[in-house]
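Worksheet: the structure to be examined is printed underneath.
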Amino acid sequence: MSAQVANLRPGGAADLFRLRAANFSLLVLRLLDARVEAVVPAIADQFRRAPGFLRNAPIAIGLDDLEDGAQVDFGTLIRELRAAAIQPIGTTGGSPALRSAALSAGLPPLRSVGEAKEEIPAFTQAPPAPEPAAPVEAPPARRTMIVDGSVRAGQRVWAQGCDLVINGTVNPGGEVIADGNVHVWGALKGRAVAGGAEDTEARVFALQFDPELVSIAGYYAVRDGLGEAPIGKAVQARLVGEGMRFDRLG
């Protein structure tokens with residue numbers, strides 16, 4: 001992953017710190033209701049049902065699904081989410097009024113990589129001449145991260161920008177995360193997160209499917225919400241719309 005590094009040397013002294021640009025996977029918590037008193041208990045209940053899942057991890061608040069004119073008590077929302085071990089760091093989407101209210105409470109607007117920055121021109125002017133289009137390059141082939149051995153309780157393995165293959169067991173309390181697909185050539189008894197880069201086509205494969213939690217592109221199901229999934233069998237998990245489907249392999 002390429003990154004730009006800035007070395008800051010106050011008064012010519014030795015480096016005291018560095019600023020580095022980098023990309024991170026970030027879950028978006030989409031608000032469907034502006035009532036904080038109704039939303040927070042439901043969110044906290046879901047997180048309690050998935051013990052340890054993204055505990056104290058940063059999360060963005062999605063505002064696109066709220067109706068025009070909706071008002072959110074962002075101060076209370078931030079305080080209540082942090083009390084539930086959820087750490088909001090910013091917002092995505094939403095109306096200018098909502099973004100302004102969130103910013104006043106300490107949640108800045110976040111932009112996706114490559115997203116154009118919203119600008120309001122100070123005066124009308126002729127549009128600039130278009131620049132020649134850059135040649136289109138084929139995306140690089142997705143690589144695969146391979147881990148030989150089991151993932152222990154409390155251990156987290158993250159395959160950034162690629163698929164993840166675990167040649168072993170993911171034990172209860174262990175967590176495997178991939179921006180692409182997750183393959184567990186053994187028992188999946190911990191947590192598996194695929195499609196970390198919002199890839200809704202990603203899948204989770206396991207030879208013995210018995211997870212604490214499985215998640216794809218931000219949608220997830222905990223152990224008691226797997227329905228009629230073939231527990232203990234070879235399974236692939238995938239998204240169908242906004243629902244999760246579990247198919248037996250072989």
Side-chain angles (χ1 to χ4, degrees), residues 1-2 22-29 46-47 49-60 112-113 137-250:
M1 178 181 62
S2 61
N23 295 330
F24 296 93
S25 293
L26 187 66
L27 285 179
V28 176
L29 180 62
Q46 285 293 320
F47 272 68
R49 292 169 60 193
F53 176 57
L54 295 179
R55 182 176 179 83
N56 288 322
I59 199 166
S112 301
V113 175
E137 297 181 359
R142 174 179 282 168
R143 298 176 60 251
T144 301
M145 176 180 174
I146 300 176
V147 175
D148 290 317
S150 296
V151 178
R152 302 182 304 275
Q155 185 179 7
R156 173 181 289 180
V157 178
W158 178 24
Q160 185 176 6
C162 62
D163 291 353
L164 175 62
V165 174
I166 304 294
N167 285 327
T169 294
V170 179
N171 287 297
E175 187 171 43
V176 291
I177 306 172
D179 287 351
N181 303 302
V182 172
H183 302 258
V184 180
W185 295 104
L188 172 56
K189 298 182 178 181
R191 300 181 291 273
V193 180
E198 298 185 6
D199 181 1
T200 56
E201 299 298 319
R203 302 188 182 192
V204 174
F205 303 86
L207 288 184
Q208 184 179 338
F209 188 76
D210 190 12
E212 295 175 322
L213 176 145
V214 61
S215 172
I216 299 175
Y219 298 91
Y220 69 92
V222 294
R223 182 64 175 81
D224 59 359
L226 296 179
E228 299 180 356
I231 302 299
K233 306 298 182 180
V235 169
Q236 70 160 330
R238 59 191 177 97
L239 284 181
V240 178
E242 294 192 355
M244 200 169 295
R245 176 170 172 171
F246 307 98
D247 297 318
R248 186 166 177 175
L249 296 173

- Message: Using 0.5 Å steps for rounding, measure from the OG1 atom of Thr169 to the CZ atom of Arg152.
- Response: 13.0 Å
- Query: Is the shortest heavy-atom distance from the side chain of Pro211 to the side chain of Leu226 under 4.5 Å?
  - Reply: yes
- Look only at the side chain of Ser215 and the backbone of Val193, and say whether a donor-acceptor pair between them is shorter than 3.5 Å. no
- Glu201, CD atom: more than 12 neighbouring heavy atoms under 6.0 Å: no
- Query: Judged by atom type as modelled, is there a donor-acceptor pair below 3.5 Å linking the side chain of Glu212 to the main-chain atoms of Pro172?
  - Reply: no
- Query: So, do Pro230 and Phe246 sit near enough that their side-chain heavy atoms are less than 4.5 Å apart?
  - Reply: yes
- Message: What's the separation between atom CH2 in Trp158 and atom CD in Glu175, rounded to the nearest 0.5 Å?
- Response: 11.5 Å
- Item | Minimum-distance pair of heavy atoms, taken over all atoms of Gly168 and Val184 | O-CG1, 3.5 Å
- Are any non-hydrogen side-chain atoms of Val214 and Val182 less than 4.5 angstrom apart? no
- Tightest non-hydrogen contact, residues Ala194 and Gly180, listed as CB-O, 3.4 Å
- Message: With a 4.5 Å cut-off on side-chain heavy atoms, are Val147 and Leu164 touching?
- Response: yes
- Note on the structure: Here the pair of heavy atoms bringing Gly149 nearest to Ile166 is O-CG2, 3.7 Å
- Minimum side-chain heavy-atom gap Met145-Val157 below 4.5 Å: yes
- Item | Contact check, side chains of Val204 and Leu188, non-hydrogen atoms, under 4.5 Å | yes
- Query: For Asn181, does its backbone N or O pair with a side-chain atom of Asp163 as donor and acceptor, under 3.5 Å?
  - Reply: yes
- Message: For Arg245, give me all partners under salt bridge (Lys or Arg N to Asp or Glu O under 4.0 Å), at least two apart in sequence or on another chain.
- Response: Asp247
- Message: Quick check for you: to the nearest 0.5 Å, what is the distance between Met244 atom CE and Arg238 atom CZ?
- Response: 12.0 Å
- Find out whether Asp199 and Asp179 are in side-chain contact, i.e. whether some heavy atom of one side chain is under 4.5 Å from a heavy atom of the other. no
